[in-house]
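One structure follows; several queries about it will come next.
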Amino acid sequence: MGWTWTYGNVDAPYFIASITKLYTTTVVMQLVRDGQVELDASIGQYLSGDVVRGLNVMDGEDRSSRITVRQLLAHTSGIADYFEQRRDDGATTFGRALEADRGWTFAEAVQIAKQQMRPKFAPGQRGKAYYSDTNYQLLGAIIESVTSDTYEAALDRRIVTPLELRNTYPFSSDTLERY
């Protein structure tokens with residue numbers, strides 16, 4: 001076609017953003033294979049009641065206990081997307097990130113989804129799906145709960161090290177200086 005694309009220094013770190021969801025999915029499926037996680041189990045089996053309670057409240061009914069691991073993976077939980085969905089005040093977390101470079105803890109992400117947004121539909125509602133970064137925050141917490149490792153350590157132990165991905169690492173507050 002007469003054109004090429006290059007990315008400067010091929011050894012430089014490259015922020016892969018939501019591609020990390022594939023890593024998360026891989027670890028969850030390894031845990032399923034190992035019998036440590038069940039796809040159709042309620043997420044309450046792996047996360048505390050404080051985390052689960054209030055994730056999907058519609059018409060005054062808290063449907064959060066019905067959310068399964070499979071629904072988180074498939075974006076069919078109905079849970080609000082803490083990152084790109086508009087909050088009740090009209091702002092987005094993504095927009096705030098662009099204004100001031102900062103991150104959010106797991107607890108902050110869950111709190112935003114629960115208190116400043118509304119779910120899109122009841123968990124597992126037939127024919128409905130909604131891309132939600134909150135789902136994958138919760139899956140990361142499930143990985144931590146089941147493995148007793150940090151999310152970053154679990155990814156390193158289960159994916160990065162076995163595949164010898166020397167220039168790949170999970171992004172965290174500990175890796176900020178790598179950029």
Side-chain angles (χ1 to χ4, degrees), residues 13-32 37-48 51-59 61-146 150-152 154-155 158-159 168-173:
Y14 181 77
F15 184 62
I16 60 173
S18 285
I19 294 172
T20 58
K21 288 178 176 66
L22 296 173
Y23 286 67
T24 302
T25 300
T26 300
V27 172
V28 169
M29 295 310 289
Q30 288 174 348
L31 295 170
V32 169
V37 170
E38 294 178 32
L39 289 175
D40 294 316
S42 166
I43 62 173
Q45 185 171 322
Y46 309 104
L47 301 173
S48 74
V51 169
V52 176
R53 196 170 21 268
L55 284 169
N56 191 311
V57 178
M58 299 183 70
D59 303 321
E61 181 184 352
D62 191 346
R63 297 174 165 112
S64 306
S65 65
R66 299 181 202 159
I67 299 168
T68 67
V69 174
R70 183 184 307 271
Q71 290 167 348
L72 294 180
L73 288 165
H75 295 288
T76 58
S77 69
I79 297 172
D81 176 11
Y82 85 95
F83 195 63
E84 294 186 67
Q85 183 176 327
R86 294 212 176 274
R87 300 175 184 202
D88 291 339
D89 67 4
T92 65
T93 303
F94 177 67
R96 291 181 178 167
L98 292 176
E99 292 170 7
D101 191 15
R102 71 173 294 252
W104 285 263
T105 66
F106 170 74
E108 289 172 318
V110 169
Q111 180 183 24
I112 290 167
K114 285 181 179 182
Q115 297 177 1
Q116 299 177 30
M117 300 175 164
R118 292 171 187 34
K120 292 297 188 176
F121 48 83
Q125 187 174 336
R126 192 166 185 82
K128 298 277 187 173
Y130 179 71
Y131 185 90
S132 175
D133 291 287
T134 312
N135 288 338
Y136 276 75
Q137 290 287 327
L138 293 163
L139 288 165
I142 289 171
I143 290 168
E144 289 182 343
S145 171
V146 170
T150 64
Y151 171 79
E152 294 83 5
L155 260 59
R158 291 175 163 272
I159 297 174
T168 301
Y169 57 91
F171 179 77
S172 71
S173 58

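All values derive from a computational prediction rather than experimental measurement.
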Query raised in the report: Under 3.5 Å, side chain of S145 to main-chain N/O of L47, donor-acceptor pair present?
Result: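 Such a contact is absent between S145 side chain and L47 backbone.
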Query raised in the report: Once you round to the nearest 0.5 Å, how far does OG1 of T20 lie from CG of D133?
Result: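 So the OG1 of T20 and the CG of D133 are separated by 8.5 Å.
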Query - Step-by-step side-chain contact (heavy atoms from CB on, under 4.5 Å) determination, R158 to L31 - result: CA-CA 10 Å; R158 291 175 163 272; L31 295 170; 3.3 Å; yes
Query raised in the report: How many angstroms lie between atom OG1 of T26 and atom CE of M29, to the nearest 0.5 angstrom?
Result: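 T26 OG1 to M29 CE: 9.0 Å, rounded to 0.5 Å.
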Requested in this report: Take V28 and V146 through the test side-chain contact (heavy atoms from CB on, under 4.5 Å) and record every step on the way to the result.
Outcome: CA-CA 10 Å; V28 169; V146 170; over 6 Å; no
**Report entry** Test side-chain contact (heavy atoms from CB on, under 4.5 Å) applied to N135 and I67, step by step
**Finding:** CA-CA 10 Å; N135 288 338; I67 299 168; over 6 Å; no
Query - Nearest-0.5 Å distance that lies between atom CD in E144 and atom CZ in F106 - result: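 So the gap between those two atoms works out to 8.0 Å.
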Query raised in the report: Taking atom CZ of R126 and atom OG1 of T76, what is their separation to the nearest 0.5 Å?
Result: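 Here the interatomic distance stands at 12.0 Å.
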**Report entry** Which atom of G140 lies closest to which atom of Y151, heavy atoms considered
**Finding:**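 Closest approach of G140 to Y151: CA-CD1, 3.8 Å.
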Requested in this report: Report yes if the side chains of L73 and L39 come closer than 4.5 Å at any heavy-atom pair, otherwise no.
Outcome: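 They are in side-chain contact.
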Query raised in the report: Has the side chain of D59 got a donor or acceptor atom that lies under 3.5 Å from a matching backbone atom of E61?
Result: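 Not at all, since once roles are kept as given, no pair shorter than 3.5 Å links the two residues.
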Query raised in the report: Between the side chain of N56 and the main-chain N/O of S77, is any donor-acceptor distance below 3.5 Å?
Result: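 Side chain of N56 to backbone of S77: a pair is present.
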Query raised in the report: Quick one: does D88's side chain get under 4.5 Å of R118's, heavy atoms only?
Result: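 Yes - at least one pair of side-chain heavy atoms lies under 4.5 Å apart.
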Requested in this report: Could you go through the side-chain hydrogen bond (donor to acceptor under 3.5 Å, both in side chains) check for Q85 and Y130 one step at a time?
Outcome: CA-CA 10 Å; Q85 183 176 327; Y130 179 71; 3.2 Å; yes
Requested in this report: Walk me through it: do E84 and T92 pass the test side-chain contact (heavy atoms from CB on, under 4.5 Å)?
Outcome: CA-CA 6 Å; E84 294 186 67; T92 65; 5.8 Å; no
Query raised in the report: Do you know the tightest heavy-atom contact between R63 and A122?
Result: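 Closest approach of R63 to A122, heavy atoms only: CD-CB, 3.7 Å.
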Query raised in the report: How long is the gap from OG1 on T68 to CD on Q45, to the nearest 0.5 Å?
Result: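 T68 atom OG1 to Q45 atom CD measures 11.5 Å (nearest 0.5 Å).
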Query raised in the report: Of all heavy-atom pairs between V57 and P119, which one has the smallest distance, and what is that distance?
Result: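 Reported closest heavy-atom pair: O-CG, 3.4 Å.
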Query raised in the report: Taking all non-hydrogen atoms of both residues, which atom of A80 and which atom of S132 are closest, and how far apart?
Result: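 So the two residues come closest at O-OG, 3.0 Å.
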Query raised in the report: What closest approach, in Å, do S65 and S42 show between heavy atoms, and which atom pair accounts for it?
Result: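 That would be O-OG, 3.0 Å.
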Query raised in the report: Considering only heavy atoms from C-beta outward, does the side chain of L72 approach that of I142 to under 4.5 Å?
Result: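 L72 reaches I142 side chain to side chain.
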**Report entry** Nearest atoms (heavy-atom pairs only) where E38 meets Y46
**Finding:**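 Smallest interatomic distance, heavy atoms only, reads N-OH, 2.8 Å.
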Report task. Compare all side-chain heavy atoms of Y136 with those of H75 and state whether any distance is below 4.5 angstrom. Result ->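 Yes; the side chains approach each other to less than 4.5 Å.
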Query raised in the report: CD1/I43 to CD1/I79 distance, rounded to the nearest 0.5 angstrom?
Result: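 Spacing of CD1 (I43) from CD1 (I79) equals 5.0 Å.
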